[in-house]
Amino acid sequence: MPLAAQAQDKPKWTLVIHGGAGIIQRDRMTPEREAATQAGLEAALKAGSDVLANGGSAMDAVEAAIRVLEDDPSFNAGRGAVFTWDGRNELDASIMDGSNRAAGAVAGLTTVRHPISAARAVMTDSPHVLLSGEGAEQFARGAELEIVDPSWFATPERLRQLEEFKSRRADWFDVDLKYGTVGAVALDSQGHVAAGTSTGGLTGKRWGRIGDSPIIGAGTYADDRGCAISATGAGEFFIREGVAHEICARVRFTGETLKQAADIVLGETEELGGKGGVIVTGPSGEMAWSFTTPGMYRGRVSSDTAPEVEFYEDE
Ligand code: ASP
């Protein structure tokens, strides 16, 4: 398509979300689970698109969409987060503003209802990018974020998964037991992009393990000169590849489309041994996703297109 035509067709705003990648196949799904996941993703798309349609910022849209998913027990973020080996829910999140590359992140939270809002507060109210553990809790209390009892996050299904993990001594990256991380990327009508990711991490994680989700450049990255990315998958490999930044850099420097860059970087990550997925959007209005697992919970909407939600590989 000629460039001029592309520019005219460009949507004013875009929003892409994910609810984790993993073994998501029709024969393993119950109708109840399918309906609950679909409803959760639709509600998040609505929360984010309401912000964008009213002229709000990509940062506000990303935060609004992720807050909905953090409250939804179908996903491994906030309420419904996976359990650590010691039977706790330890939450990680990050957010990045593509207009100025400001970023904030938190790791190992246990009482903050919306880790994505804590990550944003780190960005706006502290000189730091990443806070962890008790210090991050203290900061969140000071920032007047909503604090809940740790039991708020716990669900019977995630406890069952921890027990299964322990009894079968499953592999750390067994995709059956672990994924469900959430993320959002958006382009607003001012032409700015943003990205955010929130997770409980891996079932059975120990020793204060932190994955890619709160690591800027690995699980999350946003730059108006390239694109905005949120990832989900086997975090250690995503950190080693620097997945989110690598996709952004390829888009900036090689002229690849968002989809081409995402496919290449996830391919390289798979060669290292890590599977997962990403969502991407950019100032061009392109929306893309890519995954190397059998499925990824995902959805998208734009000023020009109706909301769509997909789960499986063949959609
Ligand atoms: N990437 C997350 C982590 O490693 C897990 C996930 O995406 O489900 O903590």
Side-chain angles (χ1 to χ4, degrees), residues 17-24 37 40-41 66 69-70 72-85 88-95 105-110 115-116 119 130 132 153 155 157-158 161-162 165 170-185 195-221 229-247 262 265-266 269-270 272-279 289-298 311:
I17 61 172
H18 70 76
I23 302 191
I24 299 166
T37 310
L41 292 170
I66 291 179
L69 296 169
E70 286 178 337
D72 188 326
S74 299
F75 303 98
N76 172 21
R79 191 150 174 251
V82 299
F83 280 88
T84 66
W85 185 265
R88 291 150 54 92
N89 304 110
E90 293 179 0
L91 311 167
D92 306 333
S94 63
I95 192 162
V106 285
L109 291 180
T110 57
I116 194 68
L130 172 59
S132 70
F153 301 109
T155 62
E157 172 58 13
R158 294 300 190 186
Q161 289 177 358
L162 175 65
F165 176 81
D171 176 73
W172 291 101
F173 303 110
D174 184 335
V175 284
D176 224 4
L177 288 176
K178 299 191 180 75
Y179 299 141
T181 291
V182 307
V185 294
T197 310
S198 183
T199 190
L202 300 183
T203 298
K205 66 185 182 180
R206 298 174 93 168
W207 310 303
R209 180 266 183 194
I210 295 166
D212 60 314
S213 307
I215 307 296
I216 296 298
T220 301
Y221 202 75
I229 305 99
S230 169
T232 172
E236 279 68 2
F237 300 93
F238 280 61
I239 293 172
R240 288 166 54 199
E241 174 76 9
V243 165
H245 187 270
E246 187 81 353
I247 292 171
V265 172
L266 283 185
T269 309
E270 194 173 15
L272 294 178
K275 288 181 187 292
V278 293
I279 51 172
W289 47 53
S290 179
F291 47 97
T292 48
T293 45
M296 178 166 80
Y297 298 126
R298 58 201 188 272
F311 295 175

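Just so you know, ligand 1 is whichever comes first in the structure, and atom 1 is the first atom listed for that ligand. Counting from 1, the numbers follow the sequence of the chain as shown.
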Distance under 4.0 Å to a non-hydrogen atom of [X]: what atoms of ligand 1 satisfy this?
| X | answer |
| --- | --- |
| Gly180 | 8 (O) |
| Thr232 | 6 (C), 7 (O), 8 (O) |
| Gly233 | 1 (N), 2 (C), 3 (C), 4 (O), 5 (C), 6 (C), 7 (O) |
| Asp212 | 1 (N), 2 (C), 3 (C), 4 (O) |
| Gly201 | 9 (O) |

(message) Any nitrogen or oxygen of Gly235, side chain or backbone, less than 3.5 Å from one on ligand 1?
(response)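 By distance alone, the answer is yes.
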
(request) May I ask you to check whether Gly211 has an N/O atom sitting below 3.5 Å from an N/O atom of ligand 1? (result) no

Mark yes or no for whether [X], through its side chain, and [Y], through its backbone, hold a donor-acceptor pair below 3.5 Å.
| X | Y | value |
| --- | --- | --- |
| Lys205 | Glu90 | yes |
| Thr269 | Val265 | yes |
| Thr232 | Gly277 | no |

(request) With sequence neighbours excluded, tell me which residues meet salt bridge (Lys or Arg N to Asp or Glu O under 4.0 Å) with Glu270. (result)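 Expected list: Lys275.
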
(message) Just to verify, what does Glu70 make a salt bridge (Lys or Arg N to Asp or Glu O under 4.0 Å) with, not counting sequence neighbours?
(response) none

(request) Applying side chain to side chain contact (heavy atoms under 4.5 Å, CB included) between Ser213 and each of Leu91, Val182, Thr181, report the one that passes. (result) Thr181

(message) So, applying side chain to side chain contact (heavy atoms under 4.5 Å, CB included) with Arg158, which one of Thr203, Asn76, Asn89 is it?
(response)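 Single pass found, and it is Asn76.
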
(request) Consider ligand 1: state whether an atom of it lies below 4.0 angstrom from any non-hydrogen atom of Arg209. (result)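 Yes, Arg209 has a heavy atom closer than 4.0 Å to ligand 1.
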
(message) Judged on heavy-atom distance to atom 6 (C) of ligand 1, which of Thr181, Asn76, Thr203 sits nearest?
(response)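 Heavy atom nearest to atom 6 (C) of ligand 1 belongs to Thr181.
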
(request) Report the part of Ser213 (side chain from C-beta onward, or backbone N, CA, C, O) that has a heavy atom under 4.0 Å from ligand 1; answer both or neither where that applies. (result)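 Looking at Ser213 and ligand 1, just side chain atoms fall under 4.0 Å.
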
